[in-house]
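Note that ligands are numbered from 1 as they come in the structure, with each ligand's atoms numbered from 1 the same way.
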Amino acid sequence: MAGRRTDPDVLVVGGGIVGLFCAYHLRRTGRSVAVVERGPIGGPLSCSSGNTGFVGTQGAAPLAEPGVLANGVRGLLHPDSPLYVRPRLDADLLRWLRLFRRACTDEQAAAGHRVLLELKKRSLRILHELCASGPLAATFTAQGMVLAFRTPQGYASACRSVPAAVAGGVPLRVLHPAELRALEPGVEFDICGALYNEEGAYLQVPEFVRELGRLVAGTGVQIHPYAEVTGFDVANHGVVRVRTAQGEFRPRDTVIAAGAWSGRCARTLGVALALQPATGYTITVQAPPNAPRLPVVLSEGRVAVTPLGDRLRFGGTLELSGLDGADSQRRMAGIRRTVAAYLPRLEPTGTVETWRGLRPCTPDSLPLLGRAEPYRNLWVACGHGHVGMGLAPAGGQLIAALIAGEQPDMDVAPMRVGRFDPTVRRRRR
Ligand SMILES: Cc1cc2nc3c(=O)[nH]c(=O)nc-3n(C[C@H](O)[C@H](O)[C@H](O)COP(=O)(O)OP(=O)(O)OC[C@H]3O[C@@H](n4cnc5c(N)ncnc54)[C@H](O)[C@@H]3O)c2cc1C
């Protein structure tokens, strides 16, 4: 994939879905662009490579909601908490949790939801255009999505939320049992009820990421796999040189899009990003004959089920356990138990693959998109958290507009990079 080596106008650090969409849109503004990626494009370290791939209007709620802290911050230390925090003394984590608690209000959650939904809608439009034909078409399926509820309370509360969701632009509706049977004739669910979102769609990964890498390279972007960034040289509030495992670059602008590793990368430049990796797992099995045809969310269990042709993928868990540690066996057993409870007749045969990914999470679940002060030519595109596949296409478009000096056609202020950094706020006063 590597093209002829020249210094690009813009260097993008990170070749996950976010970095690739930044490169795609930057190229469309006429810039010469290079992407440097530590591993191969679509390799297993990238969070974009093994996830459940849901995109579309479902799931735009920020993680920070008032209900999450029903048992206080200490409730997050319980291993069965939907957002589990592995207890440890880590100043960055404690600061992140303080900011997360501050974001757990009705107003902030509603404001965050509006921003995420707008980004998801824009992204879905881009995906429909991009995947209409060519190799990407086989990696994108838009046939709707089922949300299954096992408890009467969960189902009742979901049904109550439908009118507000529809008013907000999410085409949710109650799915009657006969309709569910018609949609999924061979599948036996043990549930109280289900909703349906006709805008539900999903990407098949890592195939989508690899094809996107090829498409971007085809537009003239230089892609450099195995080119880990090892350092930056700065002068006069500018990044003047980026050092990588495959030599140096002197770009006019640099974009940090290194997912969960963006904080580490930015820290070497003195830029603090409020970012925590949230570990999740997927288990991919050979699809049994009675596997769902549509993607399904096992709602109370917070597990997603993605049909991938002759394979079936289950994914879930959200665990703040740092860049290195997590209890994978316990978590994957929990995912399997949830699947067995909702789909008791499903008997997955043969595990094809298990995978662990690190979601780059901000305290308010909004991405960090924009210029990193005090630098004139350093940009950040990260923090897409639990919904990065569904936000990246539009997020890349916004970054490209900002770098081109254009006014983006969406308010980017809620996503500004310095919003959690007290030194940036002091500098602005
Ligand atoms: C179990 C699970 C399920 C998920 N399901 C969904 C879903 O259904 N829908 C959805 O929208 N989102 C989902 N997500 C979230 C989604 O996967 C992420 O938000 C998204 O992949 C983040 O993309 P990214 O490009 O920011 O990060 P990444 O894909 O991690 O890309 C960052 C890249 O930067 C590279 N890098 C790091 N450091 C350096 C360096 N120094 N030099 C060069 N390169 C570097 C890394 O190798 C990596 O490839 C899920 C996540 C998990 C874990």
Side-chain angles (χ1 to χ4, degrees), residues 11-23 35-56 58-60 116 119-120 123-124 127 145 200-206 208-209 212-213 224-232 242-246 255-266 268 275 277-284 295 297 302-306 313-319 323 326 331-332 335 354-362 365 367-369 380-393 395-396:
L11 184 75
V12 178
V13 180
I17 192 164
V18 170
L20 292 177
F21 267 112
C22 289
V35 175
V36 282
E37 162 57 46
R38 173 181 56 169
I41 298 295
L45 269 182
S46 157
C47 192
S48 310
S49 70
N51 61 59
T52 44
F54 285 17
V55 296
Q58 202 52 48
L116 293 178
L119 281 174
K120 286 188 127 234
S123 294
L124 187 61
L127 287 172
M145 160 182 300
Y202 65 98
L203 300 170
Q204 178 163 339
V205 298
F208 174 84
V209 180
L212 182 62
H224 300 277
Y226 305 102
E228 179 166 8
V229 168
T230 53
F232 301 91
V242 181
R243 282 174 270 126
T244 83
Q246 298 212 12
V255 183
I256 296 181
W261 299 271
S262 300
R264 193 189 265 179
C265 224
T268 63
L275 204 61
T279 305
Y281 299 93
T282 57
I283 303 167
T284 308
V297 182
R302 292 172 191 261
V303 166
V305 181
T306 310
R313 181 168 293 161
F314 315 122
T317 84
L318 239 151
E319 185 177 341
L323 282 172
R331 297 280 150 190
M332 283 195 264
I335 293 175
T354 58
W355 173 84
R356 166 181 181 262
L358 298 175
R359 306 173 183 89
C361 290
T362 59
S365 293
L368 297 162
L369 283 185
V380 169
C382 67
H384 296 61
H386 60 304
V387 281
M389 308 305 287
L391 305 180

Heavy atoms only: which of Thr52, Thr282, Val36 is nearest to atom 5 (N) of ligand 1?
Thr52
To which of His224, Gln58, His386 does the heavy atom nearest atom 12 (N) of ligand 1 belong?
His386
Among all the protein's non-hydrogen atoms, which is closest to [atom], and how far away is it?
| atom | value |
| --- | --- |
| atom 31 (O) of ligand 1 | Gly16 CA, 3.4 Å |
| atom 53 (C) of ligand 1 | Gly357 O, 3.6 Å |
| atom 24 (P) of ligand 1 | Val18 CG2, 3.7 Å |
| atom 3 (C) of ligand 1 | Asn51 CB, 3.5 Å |
| atom 30 (O) of ligand 1 | Cys47 N, 2.9 Å |
| atom 29 (O) of ligand 1 | Ser48 OG, 2.5 Å |
| atom 35 (C) of ligand 1 | Glu37 OE1, 3.2 Å |
| atom 43 (C) of ligand 1 | Arg38 N, 3.4 Å |

Provide the number and element of each atom of ligand 1 under 4.0 Å from a heavy atom of [X].
| X | result |
| --- | --- |
| Val387 | 10 (C), 11 (O), 12 (N) |
| Tyr281 | 1 (C) |
| Ile17 | 23 (O), 25 (O) |

Go through His224 and Val35 one step at a time and tell me if the side chain to side chain contact (heavy atoms under 4.5 Å, CB included) criterion holds.
CA-CA 6 Å; His224 300 277; Val35 175; over 6 Å; no
At their closest point, which heavy atom of Gly42 faces which heavy atom of Ser49, and how far apart are they?
O-CB, 3.4 Å
Search all heavy atoms of Gly316 against all heavy atoms of Ile335 and return the closest pair with its distance.
N-CD1, 3.7 Å
For ligand 1, note which part of Tyr202 has a heavy atom under 4.0 Å away: side chain, backbone, both or neither.
neither
Please work out, at 4.0 Å between heavy atoms, whether the side chain, the backbone, both, or neither of Arg359 comes within that distance of ligand 1.
side chain
Apply side chain to side chain contact (heavy atoms under 4.5 Å, CB included) to Phe208 and Leu127, showing your working.
CA-CA 11 Å; Phe208 174 84; Leu127 287 172; 3.8 Å; yes
Judged by atom type as modelled, is there a donor-acceptor pair below 3.5 Å linking the side chain of [X] to the main-chain atoms of [Y]?
| X | Y | value |
| --- | --- | --- |
| Gln246 | Pro225 | yes |
| Ser123 | Gly390 | yes |
| Thr230 | Ala245 | no |
| Ser262 | Ala258 | yes |
| Arg356 | Gly280 | no |
| Thr52 | Phe54 | no |

Rounded to the nearest 0.5 Å, how far does CZ of Phe232 lie from OG1 of Thr244?
10.5 Å
Give a yes/no on ligand 1: does Gly385 have at least one heavy atom closer than 4.0 angstrom to it?
yes
Assess Gly53 for proximity to ligand 1: is some non-hydrogen atom of it under 4.0 Å away?
yes
Could you say whether the N/O atoms of [X] and ligand 1 ever approach to under 3.5 Å?
| X | value |
| --- | --- |
| Val13 | no |
| Leu358 | no |
| Val229 | yes |
| Phe54 | yes |
| Trp261 | no |
| Gly39 | no |

Check whether Trp355 forms a cation-pi arrangement with Arg313 (NZ or CZ under 6.0 Å from the six-membered ring centre, at most 45° off the ring normal).
no
Take a 6.0 Å sphere around CZ of Arg243 and say whether it holds more than 12 heavy atoms from other residues, nucleotides or ligands.
yes
Hey, mind stepping through Thr282 and Thr354 against side chain to side chain contact (heavy atoms under 4.5 Å, CB included) and telling me if it holds?
CA-CA 6 Å; Thr282 57; Thr354 58; over 6 Å; no
